[in-house]
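Notes follow once the structure below has been shown.
Throughout, residue positions are numbered sequentially from 1 according to the sequence presented. Treat the numbers as computed from the prediction; the structure is a model and nothing was measured.
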Amino acid sequence: MTQITTINPATDEKIAYYDIMTKDAAFEKVESAHAAFLDWKTKTHSERAPFLHKIAAAIRDHSDELAALMTKEMGKLLRDGKTEVELCARLFEYSAEHGPDALADEERKHSGGKKRGIVAHCPIGVIYSIQPWNFPLYQPVRVLAANLIAGNAVVLKHAEICTGSGLMLKEICDKAGLPEGLFEVIIIDHDTSDELIAHKHVRGVTMTGSDNAGRHIGQVATKNLKKSVLELGSNDAYLVLEDADIDLAVKTCVQGRIYNNGETCVSAKRFVVTDAVYDVFTKAFVEQMKAIKMGDPAQDDTQLGPLSSVSQFETIAEQVTKSVSAGATLLCGGNPKNETGQYYPATVLADVKPGMPAYDEELFGPVASIIRAKDDEDAMKIANDSRYGLGGGIFTKDEDKAIKLARDHFDTGMIRINSFGAADPNMPFGGVKDSGFGREHGGFGMKEFTNAKAIYLPS
């Protein structure tokens with residue numbers, strides 16, 4: 001039987017081996033989830049909520065173990081892993097506390113206000129969750145918490161390199177008292193995954209990953225008439241406008257580029273800097289990127305850990321090489337040492353133009369692309385000159401101007417003003433264009449896989 005081997009990217013040591021399931025075994029997990037759903041859907045939102053609170057508490061109790069495993073499996077800084085655990089606990093609590101109101105029946109008038117109606121947000125069944133490796137706990141949790149409170153069951157296919165994290169999450173949920181079968185974890189290959197989407201009890205598919213993978217998953221789901229939510233890649237632009245606080249912009253943009261070792265869909269990746277402040281920003285930005293301490297992700301003083309795998313290291317190295325060959329200027333980094341572990345240094349590229357990977361593609365690692373803009377208007381045009389549209393940022397001392405640009409011109413799903421961050425339970429998360437469709441968090445994710453059922457009353 002084919003196996004998955006997980007490898008520590010900091011040491012290149014093998015961690016564990018996992019057998020890949022047969023199609024029949026995977027289908028049995030779906031059947032188990034469906035059976036659990038049939039009972040779970042009969043509970044009220046308020047009856048479901050205590051289960052989520054118990055899972056939140058259990059996750060906190062296992063914070064050290066979860067964080068350590070994430071560090072081993074994909075190189076996440078240990079302190080960032082602990083922050084991720086806390087975010088996941090908050091997501092379960094948010095869903096438990098806000099779900100009953102967000103999903104409550106809505107009374108409406110119809111027929112010119114003469115008759116009554118009810119809109120009920122009803123669960124639909126088993127949701128198939130396909131998740132990536134960069135946030136081994138958060139990615140599956142943001143799907144699981146929202147769908148459990150909505151009344152659905154979830155079957156998770158996690159990224160191969162963090163198989164252990166997915167299994168640990170299930171173990172914690174089971175021990176916290178979640179009904180058996182309501183959350184299942186499967187270890188399968190891509191062909192079986194496609195067949196699973198077609199299973200009659202799978203009613204929705206949610207996937208986070210690359211836009212190429214999203215196209216495939218979306219097409220298979222559509223072919224089988226299954227609703228999908230796709231959160232895909234991006235090359236988020238952060239605008240540094242003429243009146244920006246440069247010290248704040250530099251500090252925040254460095255944080256936004258190296259956070260999670262640069263492996264975040266909403267990382268700051270392209271830095272579009274107006275000509276008036278280009279030189280002063282670039283000089284300070286490069287100095288701070290040069291000073292980043294790279295090393296063991298388990299150490300408190302480490303700022304940058306390894307990339308998640310050999311393939312991820314090779315991809316980012318190739319993107320940098322191709323960009324430099326096409327005319328980009330290497331200002332720092334870009335010369336990884338031949339040593340144990342998948343360590344790639346903090347890197348800055350300037351003179352980045354369309355046609356280069358550093359301009360057109362998602363750089364999933366600690367590599368920053370600096371792009372010069374003539375003025376504020378030109379900066380906004382460059383930011384939108386992308387097939388992606390997940391997030392972005394604006395640095396300016398004029399908040400009203402920033403809000404107008406964000407609302408009326410920035411063609412993305414999320415915009416940060418004079419700040420950087422990854423996600424918040426109370427705000428919608430998702431993008432447009434090749435960054436996918438659908439929303440999670442902020443109550444939106446709770447309704448993505450519900451049936452908005454119209455019930456007409458005679459009077």
Which side-chain N or O atoms in residues 279-293 pair as donor and acceptor under 3.5 Å with protein atoms at least two apart or in another chain?
| residue | atom | partner | partner atom | Å |
| --- | --- | --- | --- | --- |
| T282 | OG1 | Y278 | O | 2.8 |
| K293 | NZ | D301 | OD2 | 2.4 |

- prompt: Ignoring hydrogens and geometry, is there a side-chain-to-backbone donor-acceptor pair from T6 to A16 under 3.5 Å?
  reply: yes
- line: Sorted by chain and residue number, the salt bridge (charged side-chain N to carboxylate O under 4.0 Å, His left out) partners of D243 (sequence neighbours excluded) come out as K401
- prompt: Would you call the rings of H199 and F27 parallel, tilted or perpendicular, where under 30° means parallel and over 60° means perpendicular?
  reply: perpendicular
field: S193 (side chain) donor-acceptor with D191 (main chain) under 3.5 angstrom
entry: no
message: Is there a side-chain contact between V367 and Q319 in this structure, where contact means two heavy atoms from C-beta onward sitting under 4.5 Å apart?
response: no
query: With a 4.5 Å limit on heavy-atom distance, are the side chains of L77 and Q303 in contact?
result: no
- request: Give the minimum heavy-atom separation between T264 and Y259, together with the two atoms involved.
  value: OG1-O, 3.6 Å
- prompt: Crowded around K322 NZ? As in, over 12 foreign heavy atoms under 6.0 Å?
  reply: no
- prompt: More than 12 non-hydrogen atoms from neighbouring residues, nucleotides or ligands closer than 6.0 Å to CG on D408, yes or no?
  reply: yes
message: Quick check on F444: does its CZ atom have over 12 non-hydrogen neighbours (other residues, nucleotides or ligands) under 6.0 Å away?
response: no
Flag, side chain of D211 to backbone of D434, donor-acceptor distance under 3.5 Å: no
- request: Indicate yes or no for a side-chain donor-acceptor contact from N224 to the backbone of K226 under 3.5 Å, with no hydrogens or angles considered.
  value: no
- prompt: Less than 4.5 Å apart, any side-chain heavy atom of D236 and any of T412?
  reply: no
- prompt: Between R142 (side chain) and C88 (backbone), is there a donor-acceptor pair under 3.5 Å?
  reply: no
Minimum side-chain heavy-atom gap Y388-K433 below 4.5 Å: no
task: Answer yes or no: is there a side-chain heavy-atom contact under 4.5 Å between E84 and Q139?
output: no
query: Between the main-chain N or O of V240 and the side-chain N or O of T274, is there a donor-acceptor pair closer than 3.5 Å?
result: yes
Whether R203 side chain and G125 backbone form a donor-acceptor pair below 3.5 Å: no
task: Starting from the C-alpha separation in whole Å, work towards a yes-or-no answer on ring pair (Phe, Tyr, Trp, His ring centres under 6.0 Å) for F364 and W133.
output: CA-CA 12 Å; F364 222 58; W133 44 260; 5.6 Å; yes
- prompt: Is atom NE2 of H190 surrounded by more than 12 heavy atoms (other residues, nucleotides or ligands) closer than 6.0 Å?
  reply: no
message: Can you classify the ring geometry of F429 versus Y138 as parallel (below 30°), tilted (30 to 60°) or perpendicular (above 60°)?
response: perpendicular
field: From CG (L156) to CG (L144), nearest 0.5 Å
entry: 8.5 Å
message: Under the rule for salt bridge (charged side-chain N to carboxylate O under 4.0 Å, His left out), what residues qualify as partners of R270, not counting sequence neighbours?
response: none
- prompt: For the side chain to side chain contact (heavy atoms under 4.5 Å, CB included) test, which of N261, N335, V320, L304 pairs with Y344?
  reply: V320
message: Would the distance check show the side chain of T252 and the main-chain N or O of L248 forming a donor-acceptor pair, the cut-off being under 3.5 Å?
response: yes
message: Looking at K170, I'd like to know if its NZ atom is crowded, meaning that more than 12 non-hydrogen atoms belonging to other residues, nucleotides or ligands lie closer than 6.0 Å.
response: yes
message: Donor-acceptor pair, distance only, cut-off 3.5 Å: does the side chain of E362 make one with the backbone of S234?
response: yes
